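Heads up: the structure comes next, in structure tokens.
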Amino acid sequence: MVSGSDMHGTPITVKAEAEGVAPEALAKRFNAQHIQDLRALHIDFGAPGQPYGPWGLFTSTATPNHASTAQDIFRVLLKKGHIGKRSMRAPYDPKAKRFLPDRYVEGTCPHCAFPDARGDQCDNCGKTLDPQELKNPRSKLSGAAPEYRDTEHYFLQLPHFQAQLQAWSEAQAAKVPWRSNTINFTRNWLTEGLKERAITRDIAYGVRLPPEVEQHDPQFADKRIYVWFEAVIGYLSAAKEWSQRQGQPDEWQRWWLDPHARHFYFLGKDNIPFHTIIWPAMILGYAEGTGQPYQLPYDVPANEFMNFSGSKLSKSRGNLITVQDITQRFQADAVRYYLASNMPDTRDADFAWEEFVRKTNEELVAALGNFGHRTLTFAHKQWGQVPDPRKHRPSGDEAQKLEESYLKPIRAELAAVTRHLDACRFKDGMKGVMQVAMHANRMFNDLQPWKTLKVDPDRCARDIHECLRVAKTLSLAMAPFLPQAAEQLWHQLGEPGSVHAQPWPDDVATIAAGQALREPRVLFAKIDPDTVKDLLEPGEPKMTQPHAPAQPAAPPMTPSPTPDRITLAEFQRVQLRVGVVRSVEPHPKADKLYVLKVDIGGEERQLVAGLRAHVTPEELLGRHVVVVANLEPANLRGVESQGMLLAAELDGKVVPLTTQGDIGPGAKVR
RNA sequence: AGCGGGGUGGGGUAGCACGGAUAUCCCGACGGGCUCAUAACCCGUAGAUCCAUGGUUCAAAUCCAUGCCCCGCUACCA
């Protein structure tokens with residue numbers, strides 16, 4: 001299992017820019033956070049708490065190994081003609097002596113005459129722009145007028161692979177089979193027809209081109225491989241890094257060049273085409289160029305999205321749970337149980353605190369935890385060791401009943417879990433494990449060991465022995481889902497070593513009579529519903545952080561400059577008036593906007609306001625609101641707005657400003 | 001508005017790509033049992049016009065059409 005942090009993603013560049021920090025530093029921080037999160041959730045790679053171990057590696061795309069692997073693929077694809085160079089015209093800043101990304105060109109919008117439109121899009125009228133359309137363009141960096149120069153870039157020739165990808169994806173989807181979302185997204189792309197895509201950019205942050213390319217064509221020293229080309233290569237480079245660290249530098253070949261190796265890629269649905277089109281195209285070209293049988297993905301089980309209380313996770317809406325937040329408050333296994341049994345396998349799922357508590361208390365604790373605990377405490381109290389079943393001579397009927405009613409269904413359920421895991425149906429797998437626990441509870445109940453103990457201790461010993469076998473089986477079966485509890489149970493059963501070093505069970509386990517049991521302890525803690533009460537308040541930030549030190553590694557992000565002051569005269573240039581809302585109409589062409597008619601004292605203004613998500617028309621009609629009266633008019637999706645309605649905003653909540661007592665429209669606000 | 005996902009007993013869900021007869025599972029409610037166990041476990045009962053309407057069919061939760069509603073992405077938030 002390999003994974004890692006993408007260090008060159010666009011969000012990183014954008015955020016680093018916003019915070020005024022170096023992108024490398026920010027990426028490093030994210031990577032450290034990812035590693036910490038994995039640890040907190042007990043996702044380990046073979047060495048507890050470490051991002052590296054005998055089973056795998058969590059690395060990043062900032063390593064020299066990754067760069068050279070990416071360059072090698074680039075090189076091979078180039079040689080094979082799957083990457084081509086061609087020139088395109090792009091804005092260039094003669095003062096800063098560099099090409100400018102679209103958004104670094106500013107100028108006057110050709111559509112609405114807004115003077116500060118960006119090259120990719122105008123913030124005023126919202127139209128998507130080409131930097132060349134801007135009037136009076138200037139560079140954001142130096143203010144100089146950009147020139148248009150030809151710049152050369154490399155393009156990945158995806159069309160070369162269209163037919164191959166089509167055949168491969170259909171075959172694979174039918175054979176594996178792929179999930180419907182995976183094949184659907186893929187088909188969409190293929191039927192649209194693949195187009196060549198630029199894989200270099202005029203930027204300074206990212207993976208460099210191969211040295212010989214830079215030497216041969218020095219301009220490419222100032223360009224970088226664009227992230228979407230290079231990030232997916234991380235799968236291969238991580239495998240190589242892992243082999244290196246294992247001291248077996250060629251070990252990765254067993255995983256990449258053996259036709260029997262099956263590659264599974266786990267991702268969110270928004271990432272599907274990268275893993276079913278682009279990356280496979282690169283692999284095909286690379287395999288062709290190297291003559292090595294690099295393996296294409298076997299399965300790409302993409303998850304849908306998990307929302308939070310009905311809408312998407314969003315920091316600004318106070319709709320956010322971080323791994324840190326939740327693992328600080330609750331057992332990682334409880335979190336894992338909830339996520340596994342509520343996984344967005346085939347459709348979007350929802351995270352709800354009430355459900356989380358319910359599932360933990362009523363399912364995890366009550367069924368799974370309880371069986372382990374009741375069995376262990378009983379056995380431990382009576383014998384302190386695994387009792388010997390052999391003194392009991394069961395009748396034929398009795399033995400058959402044990403087998404038919406209890407062991408057989410458990411075995412069947414176990415086989416079902418195995419099938420589900422093979423097919424990447426983790427939700428079903430988790431449910432199957434729960435079913436085993438339910439069978440187990442039934443078995444314990446029916447056998448009534450607390451009664452037989454008094455009348456037939458040998459029989460009781462045999463029955464508890466059977467229950468302990470089932471408990472051991474459960475420990476093995478729950479290991480991938482609930483690693484910590486599984487290990488605890490394993491230990492309490494007196495088993496040596498780690499449950500995680502055991503092979504997957506294909507039958508009810510056996511357990512050695514006479515094996516010493518350890519002091520039983522509860523496997524899962526119940527959650528007091530009050531704990532999440534304060535997390536449920538609507539509109540409030542869901543996760544305050546009383547004990548969460550915000551990002552320990554993070555230095556203060558923005559130096560706080562002295563606040564900008566304005567003079568009274570400056571403030572007085574803004575004319576604020578009280579207005580009465582006379583009518584509220586939805587904007588005909590925009591979902592978030594209202595068109596309001598507001599009486600500001602003898603004059604009716606038409607305003608466009610982005611309040612539709614926050615306030616109903618009824619709440620607005622007749623209200624006294626505060627309006628900026630001398631704002632220059634603007635055109636919003638075809639409707640003129642003659643002013644601006646003031647509103648207060650906090651964490652995504654928006655409330656229009658109103659006056660407390662009634663005062664006539666037109667009243668000045670000072 | 002464009003594109004994607006979805007609407008199944010009180011809550012959460014499975015089934016839907018390949019229509020089939022009593023619609024799955026967990027929880028809750030109600031009734032009973034048990035007392036080894038974290039008031040946990042076990043058994044039973046009730047509870048669903050499978051969003052609506054129309055269509056295809058011997059047969060539709062499942063296929064087709066239209067509509068309504070929810071969620072996400074994108075645009076719009078003066």
Side-chain angles (χ1 to χ4, degrees), chain A residues 114 121 123-128 173-174 177-181 183-185 188 269-270 304-308 310-314 338 341-342 344-350 352 354-356 358-359 361-367 369-382 425 427-428 430-432 434-435 437-438 440-453 460 463-464 467 520-526 587-594 607-614 627-628 631-647 649 654:
Chain A
F114 179 68
Q121 164 188 85
D123 277 342
N124 186 49
C125 66
K127 291 223 165 69
T128 327
W178 282 2
R179 290 185 187 172
S180 59
N181 58 2
I183 186 61
N184 285 343
F185 271 97
N188 268 343
K269 62 179 165 187
D270 52 336
E304 301 287 314
F305 294 146
M306 174 162 272
N307 296 323
F308 181 64
S311 48
K312 83 160 207 172
L313 292 155
S314 146
Y338 181 61
S341 61
N342 192 29
D345 267 357
T346 53
R347 51 149 60 143
D348 289 358
D350 194 44
E354 299 93 325
E355 267 296 291
F356 170 63
R358 210 221 83 213
K359 276 185 164 287
N361 289 351
E362 311 299 332
E363 296 177 16
L364 236 207
V365 172
N370 183 238
F371 173 73
H373 194 238
R374 74 198 295 203
T375 306
L376 259 303
T377 45
F378 194 98
H380 187 261
K381 199 157 74 186
Q382 291 317 317
R425 288 192 303 259
K427 176 158 56 174
D428 292 336
M430 182 76 260
K431 286 180 177 169
M434 210 38 128
Q435 287 298 325
M438 289 175 173
N441 269 319
R442 196 165 304 139
M443 170 172 169
F444 194 104
N445 246 62
D446 291 0
L447 293 172
Q448 303 185 310
W450 59 92
K451 278 189 182 162
T452 57
L453 180 65
C460 177
D463 289 347
I464 288 296
C467 288
R521 286 216 335 270
V522 153
L523 293 177
F524 307 103
K526 271 205 169 189
H587 189 296
K589 290 181 69 183
D591 287 357
K592 292 187 184 170
L593 306 183
Y594 283 130
L607 304 185
V608 178
L611 292 172
R612 236 157 116 184
H614 310 283
V627 172
V628 181
L631 193 68
E632 80 177 17
N635 192 323
L636 293 182
R637 290 228 123 193
V639 176
E640 186 176 52
S641 183
Q642 307 155 327
M644 173 165 128
L645 187 153
L646 296 186
E649 175 176 0
V654 175

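Sequence lines set the chain letters: A, B, ... in the order given, protein chains first and strands last, and positions in each chain run from 1. Keep in mind it's a predicted model, so treat the numbers as computed, not measured.
In this structure, A/Gln448 atom CD and B/A37 atom C1' are separated by 15 Å, rounded to whole Å. Between A/Glu354 atom CD and B/C26 atom P there is a gap of 22 Å when expressed in whole angstrom units. Put simply, CG on A/Leu447 is 14 Å from C1' on B/C34, counting in whole angstrom units. The nearest whole Å value for the distance from the CG atom in A/Asn181 to the P atom in B/C16 is 15 Å. Remark: C1' of B/C71 and CZ of A/Phe305 are 12 Å apart, rounded to the nearest angstrom. Put simply, NZ on A/Lys451 is 9 Å from C1' on B/G33, counting in whole angstrom units. If you take CG of A/Asn184 and P of B/G5, they are 7 Å apart, rounded to a whole angstrom. The distance from atom CD1 of A/Ile464 to atom C1' of B/C41 is 14 Å, rounded to the nearest whole Å.
Nucleic acid contact for A/Met430: none, since no nucleic acid atom lies under 4.0 Å from a heavy atom of the residue. Residue contacts shown for A/Phe524 include a base, since a base heavy atom lies under 4.0 Å away. Contacts of A/Leu523 with the nucleic acid, taken as non-hydrogen atoms under 4.0 Å apart, include base atoms. If you check every strand for non-hydrogen atoms under 4.0 Å, A/Gln642 touches nothing. Across all strands shown, A/Phe444 has heavy atoms under 4.0 Å from base atoms, whether or not it also approaches the sugar-phosphate. Within 4.0 Å of A/Asn370, counting heavy atoms only, lies at least one base atom of the nucleic acid. If you check every strand for non-hydrogen atoms under 4.0 Å, A/Ser641 touches sugar and phosphate atoms only. Using a 4.0 Å heavy-atom cutoff across all strands shown, A/Arg358 reaches at least one base atom of the nucleic acid. Residue-level contact check: A/Val628 touches neither bases nor backbone, having no heavy atom under 4.0 Å from any strand.
A donor-acceptor pair is defined here as one N or O able to donate and one able to accept, closer than 3.5 Å; no such pair exists between the side chain of A/Asn342 and the backbone of A/Ala349. No donor-acceptor distance shorter than 3.5 angstrom exists from the side chain of A/Tyr338 to the backbone of A/Arg358, with no hydrogens or angles considered. At least one donor-acceptor pair under 3.5 Å links the side chain of A/Arg179 to the backbone N or O of A/Asp345.
Stacking here means ring centres nearer than 5.5 Å and ring planes tilted less than 30 degrees, and by that measure A/Phe378 does not stack onto B/C36.
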List the steps, then state whether salt bridge (charged side-chain N to carboxylate O under 4.0 Å, His left out) holds for A/Glu363 with A/Lys359.
CA-CA 5 Å; A/Glu363 296 177 16; A/Lys359 276 185 164 287; 3.3 Å; yes
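The pairing partner recorded for B/C77 is none, the criterion being a Watson-Crick or G-U wobble arrangement whose two distances lie under 3.5 angstrom.
Glycosidic conformation, B/A59: anti, with the torsion outside 90° of 0.
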